[in-house]
Q: 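Pasting a structure below so you can have a look.
Throughout, protein chains are lettered first and strands after them, A, B, ... in sequence-line order, and every chain is numbered starting at 1.
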Protein chains: 2
Amino acid sequence: METLRERKKQRTRDALLRSAVELFTTRGYERTTVDDIAAAVDVSQRTFFRYFAGKDEAALALHDLVTERFIEAVRARPAHEAPMEALRRAVLGSWDTLNEIVEEVVPLEWFLRMYRVIEETPVLLAAHLRHSEETEETIARVLAEREGLDMDADPRPRLAVAVFGAVMRVTERQWTRREDFDLEAMRELTITYLEQAGPALTDSWRTH
Amino acid sequence: METLRERKKQRTRDALLRSAVELFTTRGYERTTVDDIAAAVDVSQRTFFRYFAGKDEAALALHDLVTERFIEAVRARPAHEAPMEALRRAVLGSWDTLNEIVEEVVPLEWFLRMYRVIEETPVLLAAHLRHSEETEETIARVLAEREGLDMDADPRPRLAVAVFGAVMRVTERQWTRREDFDLEAMRELTITYLEQAGPALTDSWRTH
DNA sequence: AGGCTAATGACAGCCGCTGACAATTGACAA
DNA sequence: TTGTCAATTGTCAGCGGCTGTCATTAGCCT
């Protein structure tokens, strides 16, 4: 961020991202063309593609930002915590600092609404799931290192993270369909779903 | 399959699917255009899109076929089995009858190689993950009905299926990267990974 | 001030995909 | 058998995402 050039680049990127998210959350993803976004920032379409690999990358950019913070949060967890507990605390912690990160670029409101856009748009949901898998691979490596394991020989890190991710995905999905669609509700849902995941696998579901 | 018309339709669909899979597994997905596929069957590009909603649907069609059988297998499981056990037996059973289903359209070899193509091609992997999530929703409904639960009030069916699906995804992914890339190896991996998933969540990973 | 390099715009073109309409071909009854 | 109806296909035109190329502009550095 030193030179004028770098500041200018950052500003156009932010402007593109802002316009993209605004258009996606109002007009919808499919009904927004890349030309629309570029025009809103008064930039050529070609320039858009120099900042984002594709239309979908612009839609998921905020998410990726938050995800990075989550990964760092996992890394920052004390080594004595059990893996699943570390993941649990890392997510919940991320939700706390989320506000600050997001609002440097767009209003929190827009970020939340993007969740629903993603969930409603097949191609975006697909891309989102793929990103999530990549994230899981990264986190599995973090956990493996924490515990001193070789991931190529021991599948447990990947398995644990995949299971955790699965629970989080169900949480996310159900959350976006709720009336109380805010951070506090997400927090509660996350906690209860993580609690119920274990029993759901082992216990009988039929009421005793 | 009664009338000539229906038989003809089935034949062109099969031919398109066969050509698509052959081209994808040899030339690669991205390097194969829809025009290539249509030309190989001597049909217009427009006709291809009348049979497949998109290029990716043709790439995942075989997989969807197998998935349907898996869902039926779950439905067919005796009601006294615990949910996770029913899923486990259903998958393993599916792998047994897989051969017959697939070989009605393409050689089994092609089907297996498509796994790697999917895993290597970001856009295909994304679509595959989305399909998997839809499958999980369906299966959750099946389990909920088996156990007499209301999915809207009780998250356990979705959670259990999501966790099961997560383990299967890790299995799939690791399997495609192995030397012994055949059905028998997949069988073994599935069994051991499903065994290790539980302990991976609760036990300490550090050697005692 | 002037040369260097990075960022942008303009243009052409490929590919996936869709709508519309005309032509063809099988189904079915008179 | 033939004529009518409906389903299948081909053709064409066009949009939108995305990329390569090259000329132009604008910040950087001595």
Q: Please check if the side chain of B/Arg116 supplies one atom and the backbone of B/Thr176 the other of a donor-acceptor pair under 3.5 Å.
A: yes

Q: Atom CZ of B/Phe48 and atom P of C/dC15: how far apart are they, to the nearest Å?
A: 15 Å

Q: Within this structure, what is the CZ-to-P distance between B/Arg31 and D/dT19, rounded to whole angstrom?
A: 17 Å

Q: Categorize B/Ser44 for me: base, sugar-phosphate, or nothing, with a 4.0 angstrom heavy-atom threshold over every strand shown.
A: base

Q: Mind calculating the distance between CD (A/Glu57) and C1' (D/dC18) to the nearest angstrom?
A: 13 Å

Q: First locate atom CG of A/Asp180, then atom CE of A/Met186, and finally report the distance between them rounded to the nearest 0.5 Å.
A: 12.0 Å

Q: Select one nucleotide: of D/dG16, D/dG10, C/dG16, the one nearest the side-chain heavy atoms of B/Val43.
A: D/dG10

Q: Heavy-atom contacts under 4.0 Å between residues 114-122 of chain B and DNA chain C, which residues?
A: none

Q: Please give, in whole Å, the distance from C/dA12 P to A/Arg46 CZ?
A: 15 Å

Q: Please check the phosphate of C/dA27 (OP1 and OP2 only) for any side-chain N or O of B/Thr3 closer than 4.0 Å.
A: yes

Q: For B/Glu119, is there an ion pair with B/Arg169 - N to carboxylate O distance below 4.0 angstrom?
A: yes

Q: I want to verify a distance call: between C/dG26, C/dT8, D/dC18, whose nearest atom is closest to the B/Lys8 side chain?
A: C/dG26

Q: Base, sugar-phosphate or nothing for B/Tyr51? Non-hydrogen atoms, less than 4.0 Å.
A: sugar-phosphate

Q: Salt bridge check, B/Lys9 against B/Glu6: does any charged N sit closer than 4.0 Å to a carboxylate O?
A: no

Q: Under 4.0 Å between a side-chain N/O of B/Thr47 and OP1 or OP2 of D/dT9, yes or no?
A: no

Q: Grab the CD1-C1' distance between B/Ile37 and C/dC15 for me, whole Å please.
A: 12 Å

Q: Can you figure out which of D/dT8, D/dG17, C/dG9 approaches the side chain of B/Lys9 most closely?
A: D/dT8

Q: Using a distance-only criterion (donor-acceptor N/O pair, under 3.5 Å, no hydrogens), is the base of D/dG10 paired with the side chain of B/Arg50?
A: yes

Q: Any ion pair linking A/Glu72 and A/Arg75 (charged N to carboxylate O, less than 4.0 Å)?
A: no

Q: As a test of reading the structure: which of D/dA26, D/dT8, D/dG17 is closest to the side chain of A/Arg5, going by heavy atoms?
A: D/dA26

Q: Check the pair A/His131, A/His63 against ring pair (Phe, Tyr, Trp, His ring centres under 6.0 Å), reporting the backbone distance first and the verdict last.
A: CA-CA 10 Å; A/His131 281 215; A/His63 254 86; 9.1 Å; no

Q: Starting at atom CD of B/Gln10, determine the distance to atom P of D/dT9, rounded to an integer number of angstrom.
A: 12 Å

Q: Considering only NZ, NE, NH1 and NH2 on the basic side and carboxylate oxygens on the acidic side, decide whether B/Glu145 and B/Arg141 come within less than 4.0 Å.
A: no

Q: Take the protein atom OH of A/Tyr29 and the nucleotide atom C1' of D/dG16, then report the distance between them rounded to whole Å.
A: 11 Å

Q: How many whole angstroms separate atom CZ of A/Arg13 from atom P of C/dT8?
A: 13 Å

Q: So for A/Arg7 and D/dG27, does any side-chain atom that can act as donor or acceptor lie under 3.5 Å from a complementary atom in the base?
A: no

Q: Establish, from distance only, whether the side-chain atoms of A/Thr33 and A/Asp36 form a donor-acceptor pair under 3.5 Å.
A: yes

Q: Nearest to the side chain of A/Phe49, which nucleotide is it out of D/dC18, C/dA7, C/dT18?
A: D/dC18

Q: Taking the nucleotide of DNA chain D with the closest heavy atom to each, which residue, A/Glu6 or A/Gln45, is nearer the 5' end?
A: A/Gln45

